[in-house]
Amino acid sequence: TALLVNIFEHKQEARNPFFRVVEITSEDVDPAKWGKNFPLQYDQYKKTVDQVRTRFGGSEAMPRTPTDADPRGIVSQSRLEEDPRLKIMWAGYAFSKDFREERGHAYMLDDQTFTERQKIAKQPGACIQCHGSVYNVYLEQGGGDLQKGFQKVNSMPYAEARKLVEHPIACLDCHDPETMALRVTRPGFINGMKVLKESQGISNYDVNTQATHQEMRSFVCGQCHVEYYFKGPDKQLTYPWHKGLKVENILAYYEEVGFTDWTHAETSAPVLKAQHPEFETWNQGIHARSGVSCADCHMPYMRVGAQKISDHHVRSPLLNINNACQTCHKFPEEEMLARAVSIQEKTFNMRDKAMNALVDLINDIKTARVEGVNDDQLSGALVFQKRAQFFLDFVEAENSMGFHAPQESVRILGESINFSRQGSRVLRGADVTTSPLTLSNIVPTPAASKWVVAGGATEKVDTP
Amino acid sequence: TALLVNIFEHKQEARNPFFRVVEITSEDVDPAKWGKNFPLQYDQYKKTVDQVRTRFGGSEAMPRTPTDADPRGIVSQSRLEEDPRLKIMWAGYAFSKDFREERGHAYMLDDQTFTERQKIAKQPGACIQCHGSVYNVYLEQGGGDLQKGFQKVNSMPYAEARKLVEHPIACLDCHDPETMALRVTRPGFINGMKVLKESQGISNYDVNTQATHQEMRSFVCGQCHVEYYFKGPDKQLTYPWHKGLKVENILAYYEEVGFTDWTHAETSAPVLKAQHPEFETWNQGIHARSGVSCADCHMPYMRVGAQKISDHHVRSPLLNINNACQTCHKFPEEEMLARAVSIQEKTFNMRDKAMNALVDLINDIKTARVEGVNDDQLSGALVFQKRAQFFLDFVEAENSMGFHAPQESVRILGESINFSRQGSRVLRGADVTTSPLTLSNIVPTPAASKWVVAGGATEKVDTP
Amino acid sequence: MRLGHLQFSTRAAVIGGVLLGLSAGLLAGVGGFTFIYAKGFSYMTNDPMSCANCHVMQGHLDAWRKGSHHAVATCNDCHTPHDFVGKWLTKSLNGYHHSLAFTTGKFHEPIQITARNESVTEQTCRHCHADIVNQIDFHASGTGRDMSCIRCHAGVGHME
Ligand SMILES: [Ca+2]
Ligand SMILES: [Ca+2]
C-alpha cells in the first residue's frame with residue numbers, strides 16, 4: 001500500500017497577493033520598474049553582483065585595471081590558470097586564451113562583451129540569446145515574429161546584435177508581465193524541446209502551453225544552461241537534442257550531421273567543445289527524477305517578514321543550505337555540505353585522471369605524426385581524441401562538478417578515459433577492430449511515472 | 001528537562017514483548033527450537049530457500065543431477081557461463097572453474113561444502129566462519145576463549161572444520177539467547193572493526209559494547225559480507241581494514257604487507273581477488289551516511305496481524321519494494337524499481353568496459369612476452385594488471401551491481417579502466433614515469449554528524 | 001484503546017482550561033509580555049488552528065492536514081507527553097521558547113524540532129502504537145534518531 005504523494009506540490013497556495021504600484025506592460029524591460037511592484041524579489045535579484053567562492057563553485061572577485069577595450073574593474077578567477085591542461089585540450093580554440101569561472105547573472109552581458117574570446121574569433125549575434133534581455137529585441141526585429149527575429153539576430157555580427165540589447169537577464173525574460181506566470185522566451189529552447197519531444201514520439205510540442213508548472217521552474221533556466229552549437233553558415237543557435245539529452249545522444253547527433261567546432265592545433269583532429277550542459281546533466285540525476293527543479297535549489301523559498309518569496313538571488317545553493325536543502329533533507333547544514341562536497345571531490349578526482357589521459361593521447365598523436373604512423377591508426381586515434389575530449393568537456397564544462405548527477409558524471413569521465421587510452425593503444429599498434437568505435441547504447445531508464453521531467457521516455461521497465 | 005526525558009525512558013523499559021514457550025539457552029543452536037518462541041521470525045527465516053531472480057540479483061534455481069560427491073539437486077546459475085571473460089580474469093585460480101550467483105542463507109553451508117572450488121584447491125577451516133553456525137564451535141574449541149577457538153579452526157583443513165558444524169547461520173549467530181539483543185559473534189569482524197577504528201584514532205574498540213543499536217543492524221551482516229584474506233601459513237581469517245574501507249585503502253594495505261592471492265596463469269602476474277565487499281561499499285554510499293542499515297532494506301518490518309516484525313526472509317529488496325523502500329521513499333513501486341535498475345545498468349555498462357580493458361591488457365602482456373619486451377615495461381604492466389583486476393573485481397564481486405554506492409562503484413570501474421589501459425600503453429613503449437604507479441589519495445569526506453555509521457571520521461569539513 | 005486515548009485528550013483539555021490561569025501566572029514571571037503579545041495562549045488549547053495563530057506555524061498546519069493523522073491526532077497529541085504533568089510542563093516550556101523566538105524573529109529556518117521535543121513526539125508514537133511495535137521496539141532506547149520511528153515514518157505528522 002504505497003502512499004503516493006506528489007512532492008511537486010509546493011505550498012504555493014498560501015501565496016501573497018501583491019499591490020500593483022505601477023502598471024507593467026510588455027514594453028517594460030527595465031527590472032527597476034518591475035521592482036516597484038515586487039521590491040522583495042528585486043532586492044534579491046540585485047544581489048547577483050555578489051561574488052563568494054565555494055570549494056568548486058561560486059566565484060572569486062579578482063580586481064583588474066580597467067582599459068578602454070575592457071572597462072571591467074573586477075572579473076572572476078581564470079580557470080586556465082587553475083588548470084593549464086585546459087590550454088592543451090582546447091589548443092587552437094578561443095577558449096584556450098580566456099576562460100573564467102562564471103559568476104552572477106548581473107555580469108552576463110559585460111562578461112560576454114569583454115571576454116578575450118571576442119577578440120580572437122569573430123563571434124556571431126547568436127551568442128546574445130543567453131547573455132542579455134533579448135525577447136523584445138527579437139519581437140521587434142521579426143516584426144512581431146519571435147522566430148524570425150531570432151534568426152535575424154543570430155546571423156548578425158556580435159557587435160551589431162550587442163547594440164540592440166541594454167540589460168542582462170530581466171524580469172520579462174522569465175515572467176509574463178500581465179500575470180507574472182513563468183514563460184519561456186528563448187527560441188533556442190522552444191525549438192530544442194520540440195526536437196527532443198519529437199525523438200520521444202511527441203510532435204508539435206509547445207513548451208509554453210504544454211509544460212507543467214513544476215517543469216517551468218526548470219525550463220526557464222534550461223533556456224540558457226545547456227549545450228548548444230551554431231548551425232550552418234548563418235549561425236543559427238541550435239540545441240543538439242535530436243536524439244536525446246545524454247552525452248552519447250548528443251555526440252551521435254553531431255557525428256551524424258558532421259559538425260565539429262574547430263581543428264585541434266596540436267593534432268589536427270576535428271574536435272568538439274561542450275558548454276554548460278547543466279540542464280542535460282540535471283536531467284540524468286535523481287533530483288530531476290524526483291521532480292526537484294532548478295529553482296527549488298537555486299531560488300528556494302525564503303521568508304521575508306510575514307511573506308514567503310522565491311529567492312531571486314540566484315547563486316550556489318551551498319551558500320544557502322538551510323533554505324536550499326533542509327526543506328527536503330533533515331540533516332544538519334554541515335552534513336549537507338559534506339555530502340555535496342564528497343560527490344564533487346570524487347568527480348574532480350576522475351576529471352583529473354581523464355584530463356591526464358587526454359593529454360597523454362595528444363602527446364602520443366604528436367609523437368606518432370613525427371615518427372610516422374599508418375593512416376588507419378591515425379584516423380582512429382583522432383576520432384578517439386574527439387570523443388574523449390567531448391565527454392571530458394561535458395563534465396568539465398558542467399558547473400556543478402558532478403553534483404547534478406553524480407553517478408552519470410563519473411560514468412562519462414570513465415568513458416572519456418577509455419576513449420583516450422584506446423586512442424593511445426591504437427596508435428601504438430593495437431588493432432583498431434579490437435577497440436570498436438561504436439558508442440555505448442546507454443538508454444536512459446525510463447521513469448515509471450509522472451515524476452520524470454523533460455528527458456524521460458514513457459515506457460515501463462520490466463519487473464524483475 | 002533532563003528529568004522529563006528520564007521519566008520517558010523509564011516508561012519505555014516496562015515492556016515485555018513475547019511469551020517464552022520454551023527456555024532457550026546458549027547451547028541451543030537449532031533454530032527450530034528458537035522458533036517455538038518466535039514462530040513469526042522462524043517462518044520467514046525458513047523462506048530463504050526460495051529462489052527468484054531479479055535483473056541483477058536474487059538467484060535462479062537450476063536443476064542438476066545429484067552425485068555422491070555433490071548431492072545438491074538444485075544450484076544457482078553459473079556466473080562463468082554468463083560472462084566467460086571472468087575465466088580469463090581469474091585464469092589459474094579456483095574461481096575460474098566454478099563461480100555461481102549467491103542465493104539464500106539456507107544454502108550457505110551446502111554451497112560451500114560442495115563447490116567445485118573445494119576440489120581444485122585445498123581450502124582451510126577459516127572458510128567456515130561465514131558459512132555455518134560456528135559461534136559455539138569456536139567457544140568449545142577455544143575452551144571458552146572465542147578468539148582462540150577461531151584461530152584453531154582457521155588453521156584446520158576445511159574437511160575437519162566442516163565436521164564440527166551442523167547448521168547454516170542460526171538465530172544465535174545474531175542474537176543473544178537471553179535478551180534477544182543483537183550481537184556480533186564473528187571474531188573476523190570484531191578484529192576488523194578494531195583495526196579500522198585504530199586507523200581512525202580510536203583504540204580498543206569493542207563492537208559488542210560500543211556500537212549503537214542502529215549500527216548493530218548493519219554490523220551483524222558485516223560479519224560476513226566483506227572482503228577478506230587468509231593471513232600467513234596458518235590461514236588466519238583477516239579483514240584488510242587497517243587503512244580504511246575504501247578500495248584504495250585496502251589495496252594499499254595488501255601492497256604494504258605484500259599479499260597476493262595467486263599467480264595469473266596467462267601473464268604470471270601476482271594478483272588479488274576481491275570477495276563480496278558489500279559492507280565496505282555500502283559504507284561509501286548515501287544510505288549508510290543517512291543511517292540506513294542493511295536490515296532496513298534486507299529485513300524490513302512487515303506486518304503480521306497486529307504486530308510488526310523484522311522480516312527474517314533475508315533477500316533482494318527488489319522483491320519486496322513496498323516494505324523495503326516505500327516507507328522512506330514515497331514513489332510508486334515501479335519507479336523505485338526503475339531507479340535501482342537504472343543505477344545498476346550504468347554500473348553494468350562500465351563493468352563491461354572495464355572487463356574488456358582488462359582482457360586487452362592480458363592479451364597485450366601475452367603478446368609482449370612472445371615478442372619481447374624490456375623488464376621495466378613488463379613489471380610495470382603486471383602491477384597495472386593487479387590493480388585493474390582488483391578494482392574491477394571489487395565491483396564485480398560486490399553483489400548489488402553498484403546500488404549500495406552508485407557513484408563510488410562507477411568511480412572504481414573508471415580507475416580500473418585507467419589502470420588496464422595504462423598497462424597496455426606502458427607495454428607498448430610509453431614511458432612508465434608518465435603513468436605513475438601511485439594510488440589516488442581519495443579520502444572519504446567525513447560525515448559532519450552522528451548520522452554516519454562505521455566508516456566515517458569525525459572532523460568537520462570547511463564551510464565553503 | 002484509540003478511543004480511550006481520544007477521550008483522555010478531551011478531558012485533558014478541560015482540566016487544562018481550569019489550569020490555564022495557573023500556567024499563565026507561572027509564565028508571567030518569565031516572559032509575560034512576549035507571551036501575550038505573541039498569542040502564547042494558543043499553547044493552552046488543543047485546537048490545531050490556534051497553533052497556526054503564528055503564521056510561522058501555518059505550513060505545519062497545512063502539512064498536518066495532508067498527513068495521515070489529521071483525523072486521529074492533533075498537534076498536542078504528538079507534541080506533548082501523554083501524562084498530565086509532562087503535558088503542561090512541555091506546553092509551558094515550548095510556549096515560552098517559541099513566543100520568544102517569534103517575537104525576536106531569531107530562529108533557524110526551516111524550523112527544526114528540538115532534540116527534547118523529538119523525544120516527546122517519539123514517545124507519543126509508542127504510546128498510541130504500543131501493541132504493534134511491541135516486538136520490534138523492546139531494545140530501542142527511543143531517544144534521538146537511533147531507532148526513531150520518524151526515520152522511516154517521516155511524513156506521518158506532516159506530509160511534505
Ligand atoms: Ca561560478
Ligand atoms: Ca544472489
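FYI, side chains are in, hydrogens and waters are out, and symmetry mates aren't considered; it's all heavy atoms of this structure. Only a predicted model underlies this, so the values are computations on that prediction, with no experimental measurement involved. In the text below, chain A, chain B and the rest are named by the order of the sequence lines, each starting its count at 1.
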> Please classify the contact between D364(B) and chain A as side chain, backbone, both or neither, with a heavy-atom cut-off of under 4.5 Å.
side chain
> Within the structure provided, determine whether E415(A) and N349(B) are in side-chain contact (heavy-atom separation under 4.5 Å).
yes
> Between CG of N356(B) and CD of Q422(A), what distance do you get to the nearest 0.5 Å?
8.5 Å
> Does the side chain of S290(B) come under 3.5 Å of the side chain of R339(A) through a donor N or O and an acceptor N or O?
yes
> Any heavy-atom pair between the side chains of Q407(A) and I343(B) that's under 4.5 Å?
yes
> Identify which part of T347(B) has an atom lying under 4.5 Å from any heavy atom of chain A, answering side chain, backbone, both or neither.
both
> For the atom pair CZ (R421(B)) and CZ (F419(A)), what is the distance rounded to the nearest 0.5 Å?
11.0 Å
> Measuring from atom CG of N418(B) to atom CG of L413(A), what distance do you get when rounded to the nearest 0.5 angstrom?
11.0 Å
> Name all residues meeting the ring pair (Phe, Tyr, Trp, His ring centres under 6.0 Å) criterion together with Y301(B); count only those two or more places apart in sequence or in a different chain, and write none if there are none.
none
> Highest number of heavy-atom pairs under 4.5 Å with chain B: which of E333(A), M350(A), H329(A)?
M350(A)
> Restricting to side chain to side chain contact (heavy atoms under 4.5 Å, CB included), what partner residues turn up for A381(B), sequence neighbours left out?
I365(B), L427(B)
